[in-house]
Amino acid sequence: MSRLAATFEALSKTGRKALIPFITAGDPRPGFTLPMMHAMVEAGVDIIELGVPFSDPMVDGPVIQRASERALEHKMSLRRTLAIAAEFRKTNQHTPVVLMGYVNPIEAMGYEDFANAAQRAEIDGVLTVDLPPEEAEECVALLKARDIDPIFLLAPNSSDERIKKMDTAGSGYIYYVSLKGVTGAGHLNTADVEAKLNRIRANTRLPVAIGFGVKDAQTAKTVAGLGDGVVIGSALISKIEANLDEPERAKNEIVELLVAMRQAMDN
Amino acid sequence: MTEKYNMPDERGHFGPYGGMFVGETLIPPIQELNAAYQQYLNDPEFIAELDADLKYYVGRPSPLYHAERWSRELGGAQIYLKREDLNHTGAHKINNTIGQALLAKRMGKTRIIAETGAGQHGVATATVAARLGLECVVYMGAVDVARQSLNVYRMKLLGAKVVAVESGSKTLKDALNEALRDWVTNVDNTFYIIGTVAGPHPYPAMVRDFQAIIGREARQQCLDQAGRLPDALVACVGGGSNAIGLFYPFIDDRSVKMIGVEAAGDGIETGRHSAPLCAGRPGVLHGNRTYLMEDDDGEIIETHSISAGLDYPGVGPEHAWLKDTGRAEYVNITDNEALEGFHSLTRMEGIIPALESSHAMAYTMKLAPTMSKDDIIIVCLSGRGDKDMQTMAQREGIEL
């Protein structure tokens, strides 16, 4: 069983939901990421989404865009992100790590070389935001052959047909983008999310993690009541951005927020 | 290749290029757009409305002008200019915005967004939005806003909101990113008019089809005026919409050479250029696979060209395919060479070309003397140079 499947199975046995933080590798500088990952595990997260910085992050809002720019200033790259993940795995064997990014850095490395490198780094899932299933056949086959879960997005305007497509192409979990827009935008409409989740559940048995618009412990709790996992990204990165000269303080504030979310979600 | 050219396939692929590389939220609107486009492409009523607009509003057909003096001076092939500079708003861009805006109206969209580099596409979009009474927002890199302030003012006069994009390199690619973000957020009422043959399927094919009027007219005009097909076509390539518009109707005419001219900026060897077909490699950006300017890690690198309209790190996927199959050839021209082309055409023919088009002129100056006096070159004069007066004056140390 994959590390992701095992994680969701263990959670569902205790009736808990997955807390999934997203941070951009190398933001605000490369040395910050690895200790931050371990600290997030201690704060009670279940899965880590590690963002691979890209020069043209079309789907991301300004907060994650700036995180990418800061990371790229320090020459962060797909290769170096994989190296951080491999380092993390040396001392943590149980927390799944999902790479999240855009397809071009993977194209530049070559699909097969990337799949091999991800396997060596013991990456558990790969979420490529601009690689829909129609274009992903080659990449998906290479990942699945190495027991790496290809993770796909669903949006509020995705049809039942597309949900079925993600169910076939994807594994690990489905990432439900809870609002039309970029990362970090707007506010969640709980009733809308709930209605859509019913459509998704009717068409896939994969766990559903919900992201885009989760800002605090309260929204995390609400969202946890609807899906199998909660993804939080921009709200964490905002802490980094607010404390660029004091990374230690950023780390503490992130841990504090995650602990609060964990408690709110579990109670 | 004896079969008739028939690209792209139904999923928008030109061989390995093109496709639909977008986030999930954009899949439904793109499918909706594609369905509408396929429907109206063959709808006689839509075609009739488009043709009437092109004739009475844009001023088509644009002339094919035999530049006799310039041809004589260069001492080789006869040069014919396809005068897209004479269109309403001064460039080829309006051929496409007219078509997409009519489509937006048919689809019931009330809001139009666009990206722009030099501002020509932004102006052409603001123009059709004004005419149809649609809300219009144009995204433009902050660097381009500064160097094309005249076009910014034109767009504002036309009622468009111009958003200066401060992210990344603050040029055309970043304007495209920002327009895509807007579209993701406002998919329900918004139509995104992409200005070039890039973006996800169906944009590369759709923009090509709207721009192909350039080549259809030029082909017929050449037959009428010179009694035969040309020997070579020359057009500048940024995203490549004027070039594909000229080339496409000639693709099955195997005797006609097609030459796309990229911007070499300070020179290919300096790395400061915008020539992905000449010096880049395949990758994925803005919804399609094509040749890109990128580093070893797949990060897009900054481009440079004196002309804002060519300052883009990618190129339409069909050009990538035409390059790989050898059907078209891609060359490059530096900033300084483009300026020579600019001055030469201006002084010889009394026509001031846009800096983008000046790249095609500069290459023609190299090509024509190598050909015989009986040979024919058609060059796409994609836009007029009025918008570049500030840039030119500044470059030559003149205060306006």
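Since the structure is predicted, the reported quantities are computational estimates derived from the model, not experimental observations.
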With a 4.5 angstrom heavy-atom cut-off, is it the side chain or the backbone of [X] that approaches chain B, or both, or neither?
| X | result |
| --- | --- |
| A:Val103 | side chain |
| A:Pro53 | backbone |
| A:Arg162 | side chain |
| A:Leu78 | neither |
| A:Leu72 | side chain |

Just wondering, more than 12 heavy atoms not from [X] lying within 6.0 Å of its [atom1]?
| X | atom1 | answer |
| --- | --- | --- |
| B:Arg106 | CZ | yes |
| A:Glu137 | CD | no |
| B:Asn189 | CG | yes |
| A:Arg29 | CZ | no |

Has the side chain of [X] got a donor or acceptor atom that lies under 3.5 Å from a matching backbone atom of [Y]?
| X | Y | answer |
| --- | --- | --- |
| B:Asn177 | A:Met58 | no |
| A:Asn157 | B:Thr25 | yes |
| A:Glu69 | B:Gly168 | yes |
| B:Arg181 | A:Pro62 | no |

SB check A:Glu107 B:Arg289 (cutoff 4.0 Å)
yes
Of all of A:Leu153, A:Val59, A:Thr128, which one pairs up most often with chain B through heavy atoms under 4.5 Å apart?
A:Leu153
Heavy-atom contact with chain A under 4.5 Å, split by part of [X]:
| X | answer |
| --- | --- |
| B:Asn186 | neither |
| B:His13 | side chain |
| B:Leu292 | side chain |
| B:Glu166 | neither |

What's the shortest heavy-atom distance between [X] and [Y], and which atoms?
| X | Y | result |
| --- | --- | --- |
| A:Phe54 | B:Gly298 | CE1-O, 3.3 Å |
| B:Val22 | A:Pro132 | O-CD, 3.7 Å |
| A:Ser158 | B:Glu24 | OG-CG, 3.6 Å |
| B:Lys173 | A:Asp56 | NZ-OD2, 2.9 Å |
| B:Glu299 | A:Ser55 | OE1-N, 2.8 Å |

Could you verify whether a donor N or O on one side chain and an acceptor N or O on the other, from B:His201 and A:Glu134, lie under 3.5 Å apart?
no
Interatomic distance, CD@A:Gln65 vs CG@B:Asp174, rounded to 0.5 Å, equals 9.0 Å
Find the distance between CG (A:Asn104) and CD1 (B:Ile300) and round it off to the nearest 0.5 Å.
5.0 Å
